[in-house]
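Chain A is the first sequence line, chain B the second, and so forth, proteins listed ahead of strands; every chain is numbered from 1.
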Amino acid sequence: MLRTHTCGDLRLSDKDTEATLCGWVDVNRDHGGGVFVDLRDRYGKTQVVFGPESGAELLEAAGRLRSEYVIRVTGVVSQRPQGQANPKLASGEIELRCRSLEVLNKSAPLPFNPGQEELPGEDLRLKHRYLDLRREQMQKNLFLRSRMIKIMRDYFEEQQFIDVETPMLGRSTPEGARDYLVPSRVHNGQFYALPQSPQLYKQILMMAGFDRYVQVARCFRDEDLRADRQPEFTQLDLEMSFVDADDIMHLIDRLMQRLAKDVLGLELKLPLPRMTYDEAMERFGHDAPDLRFGMEIVDCTDLAAKAEFRVFRSVAESGGRVRGIKAEGAATKYSRRLLDDLTEYVKNDFGAKGMAWFRVEKDGTLFSPIAKNFAPELLAEFKQRFDAQPGDLLLFSADTWEVTCKTLNGLRRRLGEELELYEPGQMHFSWVVEFPMFEKLPNEERWTAMHHPFTAPRPQDAAQLATDPSACRAVAYDLIVNGAEAGGGTIRIHDPDAQRQVFELLGIDAETAEERFGFLLDALKFGAPPHGGIALGIDRLVMVFANLDSLRDCIAFPKTQRAADLMTGAPGDVDHDQLRELGVRVVREDEK
RNA sequence: GGGGCCGUAGCUCAAUUGGUUAGAGUACCGGACUGUCGAUCCGGUGGUUGGGGGUUCGAGUCCCCUCGGCCUCGCCA
């Protein structure tokens, strides 16, 4: 070892002992006759002092140290002089009086300093990720991630789970997200796909009798990125045999409880609250509602039908919905200008045609540019429906059910943040259950699986597969944290005939099903146990636990919004020979 | 594919309505200094204002194209 201690070790109790430290120069305070260096490693910082007793040579060498030089120092641990302790440092009562200094490596002038207060642009941080990762915050985030994964692994090991690795090179299936494809050299013109999740493999493991499987699995989806979405991400993937949905949810409940306790010292009350999909959409307009605050959606379609206001009445009469939310005390916080901004927002982002609003005045009357189109008695009914008080602001969406959901969910989230309706570190866990089995694609007639094609219908809905697929609910459950989907799972179909029936409904004919999923159908007929599981988004969980705004801050080497790695330059060109060997030819953008 | 924000010194930012030689802090270089802890003080280097085109007597500022970063809609079983 090049060192006897880390920069986080030394305390007053080590006084008068000799120690050797290695680390990075955090700052160098040169007073001429004395030099103070804060030496940093992942464990902490320790002040190293060079004085006249160090000798002229050493003093001069210390003066030449610059930020991020990597050095090795040996000296005596000393108590700092009276009044010179630094309460900001854990090691602040002592300092290392340096006897020898070795520069292990210099640093060129830095693109940015890991210690600087203002964060540089994210492109720079990503390009010089090694510098960004030296920042205390980033180190904290990645340590937190590591701890959380350790807790998960321990938890599942205690419960007899077996960790099995599944292939990265698999087969492409057109269902779901766009695949990342890998050309095969041996099979000219054919491609592997990187896994979107280990879904089928883990089901096969159940059929193989492993009973309880878990994996920290990397997954890939070639879709556009968001602050909470990366093209490759990590799931805690698990599957169990002979279980029902309650078993899985209880298991995850207890895991979340342990994580919250061990990581944040928070006591989570169990069971975590559950809500059906239909209820979530009706009350919050979204299948992953942010339950850190209220502001629930209130339906007013019946009142709107009585209004002279044509927009409201025609929507109500044509089968649409008129719904609203109440922002308590927000009337004065949203000027006409800001309300216009909100209107633009819902038009641009959710395809809303507009946004109606009412302000409750001091005298209790409802003010709005459209108020004149409502009878006073009707306005009173609206007010009562919302239990609106002076100072409240009412926002309405009158449109199809889908658009009112999107619009009001968007408004609710935006207002929740802008009005600071929750604490920055607050966390709320819940389940949303009983998702529809299928949804119709906007421009197509056929059904598509809401979760995935292997999801089992609720037993009481199974008969409706043949008659009314839209009414069919799945044994599905999503874990919601602060309005984001942190995980989702289902009980799977374990009957080959039922699986064929679902494939058929999804427009996958028998031949195609046999070709793509034949192995699954085969496995199902050779003694498949009832089984189900869940996958948790580890990145998102860490993001919430660390109270971060971006997933990229808890991933060591994330990609940009255009899915590029600015440090390595991936994706990049490859040799022509490589392409030829693979039988791949690149078609330029303008030739498509 | 659509909407929005941003790009000025290595870094973080400023620059009046379009108007003289584009500034500051920090980093870097040189010097001074024994108790600092964002050390301080003095001096200095550092710019194709992301790139290209246009409007104008004159463009960091206005317009078009383009590159890059971020947020978002679509998309993400």
_Ring-on-base stacking B/rU36 with A/Phe36 (under 5.5 Å, under 30°)_ = yes
_Tell me whether the ring of A/His31 lies stacked over the B/rG35 base, given a 5.5 Å limit on centroids and a 30° limit on the plane angle._
no
On the side chain of [X], is there an atom forming a donor-acceptor pair with the base of [N] - under 3.5 Å, no angle test?
{"X": "A/Asp349", "N": "B/rC73", "answer": "no"}
{"X": "A/Arg29", "N": "B/rU34", "answer": "no"}
{"X": "A/Asn348", "N": "B/rG2", "answer": "no"}
{"X": "A/Arg64", "N": "B/rG30", "answer": "no"}
{"X": "A/Glu117", "N": "B/rU26", "answer": "no"}
{"X": "A/Glu122", "N": "B/rG68", "answer": "no"}
{"X": "A/Arg552", "N": "B/rG69", "answer": "no"}

*Mind checking whether A/Pro167 and A/Tyr192 have side chains closer than 4.5 Å, heavy atoms only?*
no
*Flag the pair A/Asp224 and A/Arg229 as a salt bridge only when some basic side-chain nitrogen lies within less than 4.0 angstrom of an acidic carboxylate oxygen.*
no
*Hey, are A/Arg11 and A/Asp14 close enough for a salt bridge, meaning a charged N less than 4.0 Å from a carboxylate O?*
no
*Let me know, please, whether A/Leu110 or A/Arg229 comes out on the 5' side of the other along RNA chain B by nearest nucleotide.*
A/Leu110
When rounded to the nearest Å, what value does the distance between [atom1] atoms of [N] and [M] take?
{"N": "B/rU55", "M": "B/rC62", "atom1": "C1'", "value": "8 Å"}
{"N": "B/rG50", "M": "B/rC41", "atom1": "P", "value": "32 Å"}
{"N": "B/rA22", "M": "B/rC29", "atom1": "C1'", "value": "23 Å"}

*In whole angstrom, give the distance that lies between atom CG of A/Asp287 and atom P of B/rC76.*
13 Å
Determine the contact category for [X]: base if any of its heavy atoms lies under 4.0 Å from a base atom, sugar-phosphate if only primed atoms, P, OP1 or OP2 are that close, otherwise nothing.
{"X": "A/Arg66", "answer": "sugar-phosphate"}
{"X": "A/Gly121", "answer": "sugar-phosphate"}
{"X": "A/Arg562", "answer": "sugar-phosphate"}
{"X": "A/Gln47", "answer": "base"}
{"X": "A/Gly32", "answer": "base"}

*Using 30° and 60° as the class limits, which term best fits the ring planes of A/Phe503 and A/Phe517: parallel, tilted or perpendicular?*
parallel
*Should A/Lys88 be listed as having a side-chain N or O under 4.0 Å from OP1 or OP2 of B/rG38?*
yes
_A/Pro52, nearest nucleotide to its side chain (from B/rC76, B/rU34, B/rC11)_ = B/rU34
*Can you run down the side chain to side chain donor-acceptor pair (under 3.5 Å) pairs that involve residues 334-348 of chain A, sequence neighbours left out, and say none if there aren't any?*
A/Tyr334-A/Glu418
